[in-house]
Amino acid sequence: MNQIDTFGEFIDNLVEDYCEFLVLGFSPSSIPIQRRWKNNGLSANFVADYLVTFLPFDRSKTENHRIERKIKESVNYIANELLENAMKFNDMKSNCPIKFGVHTLEDNGLIIVLNVQNSVDASHYQKLRGFIDDILTIEPDDFYMQQLERSVEGDTAPGIGLISMKNDYAAKLGWKLETIQQDPFVAMATTMVQLEYKYGEREVEGRRF
Amino acid sequence: MDSKQIQGESYLISYDPATVTVNCQGTMRNMGMQAYGPLEDLLTEIMGEEPSQITLDLRGLKLLNSAGIRVLSKFIIQVRNRKTMRVVLKGSKEVTWQESSLTNLKRLMPMALLEWEEER
């Protein structure tokens, strides 16, 4: 039986609870990563543009334009970072496709869930486990600064994108790691990012934002 | 040092020696820090001239990936370590990554000056 571990804030069975969703698939071994790189940004732009059409906003109100822009640009940044990570760390030998999804849920507010699934080899699995332990336990500002300082020293300092999602965008992060093969080792890593926008005092199309 | 331009597929970086200002515009999502080499070389060259102040005008930079954030942070930390110059970051609250990340970077790096201005 496959070993499955979840960390942080991870929602299972996401599709069953969806309001709206979009899933994209990539076969990363089909073209070199340098050529595919531009596709990350194009996909992120598309996902962000696509998503905002579903947001429950009254677009005739100018005050809603600001939050719409903010959501669109936040989703664009996060989608691009998730895709960049997936392309970088995917185990190309496994031939498993990379799957990217964006879902919107409503639960006393709007929740936007972005997730990406890619395969990882044993080395990246261990590095990812270590990173997850760090980001979930080290004080967020200290961890951000520590990783930025490592960049100056020429270290690869992984995870600035994920740390900035947590610190700069107040996103919730979660992971699911499922070992699908032992020899050679292959695991599917799903990273999930949730952005919450609480309904506030202003009424927007019958809802309160 | 003369004025300089770095033209990317989706961005333009220009350096104005009169005001010691590096202006970044467009979208920068290069593949890893290595792909930011020309920008890092420009910043290193400017630092080498030891001006008292270097301004990064980011207001027109609509999107930046985390590798780019690392490049900016690395530059700010290098300036901090030299202790002889200061960095002014010009940002716009109309650009989400700047409102989100620059505010935090400023908090983490108090020696950088952050000025919010409308985009020109």
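Worth knowing before you read on, the calculation uses all heavy atoms, side chains too, and leaves out hydrogens, waters and symmetry mates. Chain A is the first sequence line, chain B the second, and so forth, proteins listed ahead of strands; every chain is numbered from 1.
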For this session: Using a cut-off of under 4.5 Å on heavy-atom pairs, state which of A:Asn76, A:Ile163, A:Leu162 scores highest against chain B.
Result: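 If we count pairs closer than 4.5 Å to chain B, A:Asn76 comes out on top.
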For this session: Measure the CG-CG distance between B:Leu105 and A:Leu148 for me, rounded to the nearest 0.5 Å.
Result: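 B:Leu105 CG to A:Leu148 CG: 6.5 Å, rounded to 0.5 Å.
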Problem set entry | Point-to-point distance, once rounded to the nearest 0.5 Å, from CG of A:Asn80 to CG of B:Leu64 |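 Answer rounded to 0.5 Å: 10.0 Å.
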For this session: Can you measure from NZ (A:Lys70) to NZ (B:Lys93) and round to the nearest 0.5 angstrom?
Result: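 If I round to the nearest 0.5 Å, the distance is 10.0 Å.
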Exercise. Between atom CG of B:Asn65 and atom CD1 of A:Ile160, what is the distance when rounded to the nearest 0.5 Å?
Worked result: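 Here the rounded value is 12.0 Å.
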Problem set entry | Residue A:Ala44 versus chain B: region with a heavy atom under 4.5 Å |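 Contact with chain B: side chain only.
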Exercise. More than 12 heavy atoms of other residues, nucleotides or ligands under 6.0 Å from NZ of A:Lys88: is that the case?
Worked result: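 Count over threshold, so yes.
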Exercise. Is there a salt bridge (charged side-chain N to carboxylate O under 4.0 Å, His left out) between A:Lys38 and B:Glu9 once you walk through the steps?
Worked result: CA-CA 10 Å; A:Lys38 193 177 158 189; B:Glu9 202 174 323; 2.9 Å; yes
For this session: Please round to the nearest 0.5 Å and tell me the distance separating atom OG of B:Ser66 and atom CG of A:Asn85.
Result: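 It comes to 6.5 Å.
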Exercise. Regarding A:Asp168 and B:Asn104, is there a side-chain donor-to-acceptor distance under 3.5 Å anywhere?
Worked result: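 B:Asn104 and A:Asp168 do have a side-chain donor-acceptor pair below 3.5 Å.
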For this session: Go through the steps to decide whether B:Arg80 and A:Glu149 satisfy the test salt bridge (charged side-chain N to carboxylate O under 4.0 Å, His left out), and finish with yes or no.
Result: CA-CA 12 Å; B:Arg80 177 198 70 189; A:Glu149 296 268 0; 2.8 Å; yes
Problem set entry | Distance (rounded to the nearest 0.5 Å) between A:Tyr144 OH and B:Ser101 OG |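 Rounded to the nearest 0.5 Å, the OH-OG separation comes out at 4.5 Å.
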